Amino acid sequence: MENQMKVAVCVVLATVLWSGSAAAQAPTAADFSRHADVNEVSLSPDGKYVAMAVPSADGMETQLQIISLDGSGRSQTLRFARQQHVTRIIWSADDQVVVARARMEPLRAQPYSLGELMTSDVTGKNQDTLFAYEPDAGVRRGKRKDMGFATVVKVLDQEPGKILVDFTAWPRDRGDEKQTTSIYKVDTRTGNRQEVEQVKDTASFMFDHSGRARVKVTTDENDDPVLEYRPGKDAEWKPVPKSLAGYSMDLLYVEPDDNTGYAAITDKGEPNQLYKLDLGNGTRVRIAGRDDQSISRILYAGHDGAPFGVIYDEGKPSVQYLDPSSDWAKLHAGLLKAFPGQMVSFVDWTKDDSKVLFRTWGDRFPGAYYVFDRSTNKVQLINELMPWLKASNLSPSMPFSFQSRDGLTLHGLYTAPAGGGRRPLVVLPHGGPHGPYDSWGYDSDAQFLASRGYGVLQVNYRGSGGRGKDFMERGYGEWGGKMQDDLADAVKWAIDAKVADPDRMCTFGASYGGYAALMQTIRYPELYKCAIGYVGVYDLEVMKKEGDIKDRASGRRYLDRVLGTDPAVLKAWSPAQNVAKIKVPVLLAQGAIDQRVPMDQFNALNDAFREAGVSVETMVAQGEGHGFYKPENRAELYRRIEAFLGKYIGPGAK
């Protein structure tokens, strides 16, 4: 193990020394707007290849590249369709790969699956569509007529080339929420499929080692999970007993005995905990977990191994090993030492565990993929995500904690150039708001602002994810209330900590963050000199009428839960209906074809300002949705933000 770590340290030192030799120069707006060179990497079971999802320069297509690891540099580029994206790369055999056709998620610039599965061998000569709805074209009939969403849920290691696929049928009408879910055993070489499970409801299945469904999750009329399981692999479905799980259960791994399992479980509303289960007896033993944070990542002991550790990241990132003396824990701990200032996650393994694909990332490191060969003790760099951004030109993010006015311990991040002292502050609330949370790592918005000399404050206000159901639900009905108080309390922390100039502060956010940016100036006008809303929600009554959330009954129930139903409160907490209280300069940016937060929201606020005789700066990007995806639009937005901040809290401020 010591030799392994010495090799890794040498690799890292070479990288650090090289990047540090470059002249320190602030990256441009275009540098922060470029998409990553690679979105995803997967290692073949025999360790001979890696498959990478590689976006084109303009980001309008993602191709699959198969790279040989024999040192020859041989590669094969696979295109499944023009201007299409791929994600969820899975090897079904040593020479066979499966991907999902994808669409890009603008705010994260990451692809998300459309529920269509394609497969190819490593040569690219034998490509096939496994699941999709292919329309007829004239006399040519589409091969597949799958009216639903397909996801690979398990690779059957004992049957190379075969996988289990979850297929959920599309709703028959717009409001239909009961959609048949089927599990198919699929031969990825031939495309043949066999149905092995079906339920006339929308369900999620989890499987034991041999591929038998052992846990089934549906939802009740309150959108809470309903848990069922099979105590034995041939048993009938029955309710999960409280001795196993009280509220939610995510079965992560089952040992070869098909009885001993590992699951992330919540009994009531606490952060999830990791348990070791005896499925047959319906008993469990807690092996990892914290009272204040949920588990964010699981570390597995090889290709077919049980968990050996967990990662927490809602506050200061940390690792908990189940057995620090195990070989896998030692390897992971050694890699953390070899890559100082970064976190490490294991991504893939060869079937014999001789090679490990791992990823590193940090606040000043967008990330990189490496393969570690355990037999030769060598580390091989596969690809950096954003090699044009150097750590020496980026700013550290400091995790911090503070007490809210009503006694909650809240966490956040403060990002600023090295040197300390009070700086003009940009408060950057995250979107969501329920479920997502800010975690330590590279953030393009925070880094761009810090590179221009600003301190950046990110806060996991009540209602955020990462701390369990109870903490998330503390934000229900508090969009314009206590969630805003939490942001203001974080600003007070920054002032008291002497990192923020109280006379030069602005708010900027996207989606819910855009809502919060404007609501802060209404609730706490004394704090801010300006506000920036990006694809933001500005009228809560409009939110209940427009946008894609209200299309489903579950979405309408969600809006009632999180926003409330009192018209007076909805009006009081809608920036568009309270523009007279907004006394600071405003910049609004919007995507013209946003379906989540449509133009109705932008128009409601912009029109209200116009009727009040107030001029605001605006940017509407044609062809963009919920966040800008095209690099040129992202760069233009950054340039406008830089100029706007410069006038009111930056170098040009009076």
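We number each residue from 1, following the sequence as shown. All values below come from the heavy atoms of this structure, side chains included, with hydrogens, waters and symmetry mates left out. Source: prediction; values computed, not measured.
Using a cutoff of 4.0 Å between basic side-chain nitrogens and carboxylate oxygens, R639 and E642 are not scored as salt-bridged. Looking at D548 and R596, a side-chain N of the basic residue comes within less than 4.0 Å of a carboxylate O on the acidic one, giving a salt bridge. We find that E617 and K647 are joined by a salt bridge, their nearest charged nitrogen and carboxylate oxygen being less than 4.0 Å apart. Between D406 and R474 there is no salt bridge, since no side-chain nitrogen of the basic residue lies less than 4.0 Å from a carboxylate oxygen of the acidic one. Salt bridge status for K492 with D496: present, with a side-chain N to carboxylate O gap under 4.0 Å. Taking 4.0 Å as the cut-off between side-chain N and carboxylate O, R557 and D223 count as a salt-bridged pair.
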Discussion item. Please determine whether salt bridge (Lys or Arg N to Asp or Glu O under 4.0 Å) holds for the pair E541 and K545, giving the CA-CA distance in whole Å, both sets of side-chain angles, and the decisive distance to 0.1 Å.
Written reply: CA-CA 7 Å; E541 291 181 323; K545 299 174 184 176; 5.9 Å; no
Practice prompt. Could you check D539 against K544 for salt bridge (Lys or Arg N to Asp or Glu O under 4.0 Å), going step by step and ending with a plain yes or no?
Written response: CA-CA 9 Å; D539 192 312; K544 289 198 172 187; over 6 Å; no
Item to complete: For V562 and Y476, run side chain to side chain contact (heavy atoms under 4.5 Å, CB included): C-alpha distance rounded to whole Å, both residues' side-chain angles, the deciding distance at 0.1 Å, then the answer.
Response: CA-CA 4 Å; V562 303; Y476 287 7; 3.6 Å; yes
Item to complete: Carefully, step by step, assess R405 and D486 under the rule salt bridge (Lys or Arg N to Asp or Glu O under 4.0 Å).
Response: CA-CA 8 Å; R405 64 192 64 187; D486 292 344; over 6 Å; no
Item to complete: Show your working on side chain to side chain contact (heavy atoms under 4.5 Å, CB included) between K469 and D224 and close with a plain yes or no.
Response: CA-CA 11 Å; K469 177 174 173 284; D224 287 321; 4.3 Å; yes
Practice prompt. Evaluate the criterion side chain to side chain contact (heavy atoms under 4.5 Å, CB included) for residue pair I649 and V426; output intermediate values, then yes/no.
Written response: CA-CA 9 Å; I649 63 170; V426 178; 4.2 Å; yes
Worksheet entry | side-chain hydrogen bond (donor to acceptor under 3.5 Å, both in side chains) between Q458 and D443, intermediate numbers included | CA-CA 11 Å; Q458 295 171 278; D443 183 298; 3.3 Å; yes
Worksheet item: Could you walk me through whether Y534 and F628 pass the ring-ring contact (aromatic ring centres under 6.0 Å, His included) check?
Response: CA-CA 10 Å; Y534 175 34; F628 299 169; 5.1 Å; yes
Discussion item. Pair L410, F471 - check side chain to side chain contact (heavy atoms under 4.5 Å, CB included), show working.
Written reply: CA-CA 10 Å; L410 301 176; F471 183 82; 3.7 Å; yes
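Minimum interatomic distance between Q601 and G536 (heavy atoms only, all atoms of both residues): CB-O, 3.6 Å. Closest of all the heavy-atom pairs between L457 and W493 is CD1-CZ3, 4.1 Å. In terms of heavy atoms, L605 sits closest to A576 at CD1-CA, 3.7 Å. Of all non-hydrogen atoms in I295 and Y312, the two that sit nearest each other are CG1-CE2, 3.7 Å. Residues G468 and S294 approach most closely at N-OG, 3.3 Å, considering heavy atoms. Across all non-hydrogen atoms, the minimal contact from T521 to A531 is CG2-CB, 3.7 Å.
Side-chain contact between F508 and V427: absent, with no pair of heavy atoms (C-beta onward) separated by less than 4.5 Å. Inter-residue side-chain proximity for L645 and C530 is flagged as met; some heavy-atom pair is nearer than 4.5 Å. Contact check for E116 versus M118: no side-chain heavy atoms found under the 4.5 Å cut-off. Residues K529 and C506 have side chains not in contact (no heavy-atom distance under 4.5 Å, counting atoms from C-beta outward). Side-chain contact between L449 and I641 is present, with heavy atoms from C-beta onward closer than 4.5 Å. R88 is not listed as a side-chain neighbour of V99, based on a closest heavy-atom distance of 4.5 Å or more. Between M483 and R462 there is a side-chain heavy-atom pair separated by less than 4.5 Å. Within the 4.5 Å cutoff, no side-chain heavy atoms of N578 are placed close to those of W573.
A centroid separation of less than 6.0 Å is found between the aromatic rings of Y648 and F644. Note: Y512 and W479 meet the aromatic proximity criterion, with ring centroids under 6.0 Å apart. Aromatic pair Y538/Y515: centroids not less than 6.0 angstrom apart. The aromatic ring centroids of Y442 and W361 lie 6.0 Å or more from each other. Between F402 and H411, the ring center distance fails the sub-6.0 Å criterion.
Between Y461 and H430, the angle of the ring planes stays under 30°, which puts this pair in the parallel group of the 30/60° scheme. Between H35 and Y629, the two ring planes are parallel [angle under 30°; tilted spans 30° to 60°]. Between Y638 and F448, the two ring planes are parallel [angle under 30°; tilted spans 30° to 60°].
Side-chain contact, N603 with Q590: no donor N or O sits under 3.5 Å from an acceptor N or O. A donor and an acceptor atom, one from each side chain of E624 and Q622, are nowhere located under 3.5 Å apart. Under the 3.5 Å distance criterion, with hydrogens and angles disregarded, a donor-acceptor pair is assigned to the side chains of Q484 and Q520. Judged purely by distance below 3.5 Å, without hydrogens or angles, the side chains of T168 and D166 pair a donor atom with an acceptor atom. Side-chain atoms of E314 and S439 include no donor-acceptor pair closer than 3.5 Å.
L527 contributes atom CG, which lies 11.0 Å from atom CG of D503 (distance to the nearest 0.5 angstrom). For the atom pair OG (S395) and CD (Q447), the distance works out to 5.0 Å, reported to the nearest 0.5 Å. Here D313 contributes atom CG and S296 contributes atom OG; the two are 3.5 Å apart, rounded to the nearest 0.5 Å. For the atom pair T62 OG1 and M52 CE, the distance stands at 12.0 Å (nearest 0.5 Å).
Side-chain atoms of E478 do not come within 3.5 Å of backbone N or O of D485 as any donor-acceptor pair.
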